[in-house]
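What follows is a short report on a single structure.
Note that this is a predicted model, so its numbers are computed, not measured.
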Amino acid sequence: TLVRDADGHPLHIQKIVRDITDRKRAEQAMSSRLEQLAVLRQVDEEVNRTLDIDTVLSVALRAAVRLSKADAGFIALRGSDDILRILQATGDYSESILEGEIRRDVGIVGRVLETRQAELVTDVCADDNYIQDIESTRALMALPLVSQNRLVGVINLETAHPERFAG
């Protein structure tokens, strides 16, 4: 602000500086939370319209990919024959991924099935159990799906940008 004397002549400029870093962080956190809530509301609306398992899995996978900022992902469920099969996939997987079965003794996803513990691998190249499905993948999240204490499936999310899974 320009400060003037009694005769209206400029004396000096007065400036107020405030650090708004904390406010900007809070606004970013609120914006992120609002996006998450919007996605969850959309999932709720879509799932409540149908009982079709393929639709429910597709909606769930799209929401997980969007919320995690993943580049790709799949959902595998256990069938009546006790074999886990990939039922929905999105991203740069080969078309044959939907014909795939998940084995408990193979890969990071297999390890998640064995331990029933979610895993975040921020550098897949450093994990001896990683099996490459997408060449650009650098980080992976795998989460067991459990219902009434029974393992029913797994969701796998992948990205070429590890920092997306860091926050």
In the single-linkage hydrophobic clustering (I, L, V, M, F, W, Y; side-chain heavy atoms under 4.5 Å), do [X] and [Y] co-cluster?
X	Y	value
V106	L113	no
V152	L61	yes
L120	V65	yes

Evaluate the side-chain proximity of [Y] to [X]: yes if any heavy-atom separation is below 4.5 Å, no if none is.
X	Y	result
D92	D71	no
E119	N129	no
T159	K69	no
Y130	L140	yes
L145	I75	yes

Can you tell me if R116 uses its side chain to pair, donor with acceptor, with the backbone of P144 under 3.5 Å?
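Such a contact is absent between R116 side chain and P144 backbone.
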
Do side-chain atoms of D7 reach the backbone of H9 as a donor and acceptor pair under 3.5 angstrom?
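No; judged by distance alone, with no hydrogens or angles, the pair does not exist.
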
Partner residues of R85 under the side-chain contact (heavy atoms from CB on, under 4.5 Å) criterion, sequence neighbours left out:
D81, I83, L87, E101

Could you verify whether a donor N or O on one side chain and an acceptor N or O on the other, from R62 and S58, lie under 3.5 Å apart?
yes

Shortest non-hydrogen contact from [X] to [Y]?
X	Y	result
F165	L157	CE1-O, 3.8 Å
T122	P162	O-CB, 3.6 Å
Y93	G73	CE1-O, 3.4 Å
A76	I102	CB-CG1, 3.8 Å

Count the heavy atoms of every other residue, nucleotide or ligand shown that sit under 6.0 Å from CG of D123, and state whether that count exceeds 12.
yes

Heavy-atom count check: over 12 atoms from other residues, nucleotides or ligands less than 6.0 Å from L2 CG?
yes

Enumerate the side-chain hydrogen bond (donor to acceptor under 3.5 Å, both in side chains) contacts for residues 135-154, please, sequence neighbours excluded, ordered by first and then second residue.
T137-E158

